Amino acid sequence: MSGARDETVADAPPIMGNVPGSYALSVFRERHPVLVRQVARALPYPPDRRRALDRLLDEVVRDVMEPLEPSAHDGAAWAEWGRGKIGRRYVDVPFLWGESYFYRKLLEATGYFGDGPWRGVDPFGPMKQAELEGTVVDGELAALDGTETLSPAERAEALLLGSLWGNRADLSFGVTLKGDHERAADLVVDDRPLLWSLIEAAAPARICLVADNAGRELLPDLVLADHLLARGLAGEVVLHVKPFPYFVSDATPADVLACLRRLAAAPGSAGEAGAPPSGGGGGGGPPPRAAPLPSPPLAHPGKPPHPLGGVAVGPPAAI
């Protein structure tokens with residue numbers, strides 16, 4: 001890409017939440033109230049946190065964005081980003097902003113950034129853990145054994161497609177060559193030959209993989225990372241994750257560790273992908289590290305003002 005600004009994208013109107021029948025409206029009217037109730041039930045929050053969650057539930061039901069508490073560590077930044085928005089209805093501001101602000105308020109209500117025992121406790125952790133422990137994941141990890149019968153090139157393609165389509169929470173490790181052809185045909189742009197040529201030409205290099213969600217989406221990313229490391233195509237794989245939960249299923253360093261433990265506990269090929277290096281001690285690879293989120297909740301073009309958070313994995317598949 002040339003880096004030139006794409007005026008057609010920059011001038012596109014933002015998605016709003018007040019369009020009848022739209023996905024955005026259903027998120028504000030249905031999903032957010034349900035999520036607040038789920039979070040309140042998931043962990044044994046003390047009375048002050050429960051009152052804060054009750055206030056947030058009332059706020060989203062009334063559909064009026066209230067300001068963050070003055071004590072919020074990033075209150076000034078959100079006040080600046082929210083100028084002309086805070087105080088209005090959630091559905092009457094750009095969807096990206098409104099949903100981002102809701103999740104920031106949810107972390108505030110649970111005490112994620114505050115002083116005390118709930119600091120740093122992921123309010124979505126129980127939901128993520130339930131997904132990892134589910135029978136669906138058991139089946140998907142077991143199906144990974146089926147890729148062992150493929151040729152090296154076919155297996156590499158299968159794992160790459162599994163990682164790519166993981167954003168649909170569909171690992172689909174039990175692939176057939178026919179299934180892979182069908183999934184490849186659904187790609188809007190297919191740059192796999194170019195990707196493999198660059199990886200092979202630079203091997204063994206550092207490969208950066210931007211992870212989105214935890215659980216069933218992160219597992220195939222880790223399996224692909226293990227494949228790249230085990231085949232000598234990468235000397236190190238850096239997974240870019242968020243330093244704290246932003247949306248409900250965002251991958252954080254803690255989620256990377258949870259998924260590695262889930263892989264290591266599985267039999268067969270999945271367990272091999274999650275195992276520490278043979279003959280290795282407890283050190284493993286570099287420790288997790290994270291940096292500020294790449295951008296504020298604003299729809300704008302240009303370079304992100306901050307680097308993404310990173311978790312280094314290697315070699316091979318140790319963290």
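Note that the numbering runs from 1 along the sequence shown for the chain. Nothing here was measured: the structure is a model prediction, and the numbers come from that model.
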Under 3.5 Å donor-acceptor, Arg119 side chain and Phe113 backbone: yes
Gap separating the NE2 atom of His32 from the CG atom of Asp63, nearest 0.5 angstrom: 11.0 Å
I need the Asp122 CG to Phe244 CZ distance, nearest 0.5 Å. 11.5 Å
I want to know whether Trp118 and Tyr112 have ring centres closer than 6.0 Å. no
Side-chain ion pair, Arg55 and Glu59, N-O less than 4.0 Å: no
Does this structure show an ion pair linking Asp92 with Lys85, if we count only N-O contacts that are shorter than 4.0 Å? no
Salt-bridge present (Asp58, Arg62; N to O < 4.0 Å): yes
Can a side-chain donor-acceptor contact be found between Arg31 and Tyr23 if the only test is distance below 3.5 angstrom? yes
Do the side chain of Thr135 and the main chain of Asp138 share a donor and acceptor less than 3.5 angstrom apart? no
Whether the side chain of Arg88 engages the backbone of Val93 through a donor-acceptor N/O pair (distance < 3.5 Å, no angle test) should be reported. no
Please enumerate all residues that pass side chain to side chain contact (heavy atoms under 4.5 Å, CB included) together with Glu30, with sequence neighbours excluded. Ser26
Hey, are Asp255 and Thr252 close enough side-chain-wise for a donor-acceptor pair under 3.5 Å? yes
Count the heavy atoms of every other residue, nucleotide or ligand shown that sit under 6.0 Å from CZ of Arg155, and state whether that count exceeds 12. yes
In this structure, is the centre-to-centre distance between the rings of Phe28 and Phe95 below 6.0 Å? yes
Please answer whether the main-chain N or O of Arg216 pairs with a side-chain N or O of Glu131 as donor and acceptor at a distance below 3.5 Å. yes
Given 3.5 Å as the limit, does a donor-acceptor pair link the side chain of Lys242 with the main chain of Pro253, or not? no
For Leu195, does the CG atom sit with more than 12 other heavy atoms under 6.0 Å from it, leaving out its own atoms? yes
Glu69, CD: over 12 other non-hydrogen atoms inside 6.0 angstrom: no
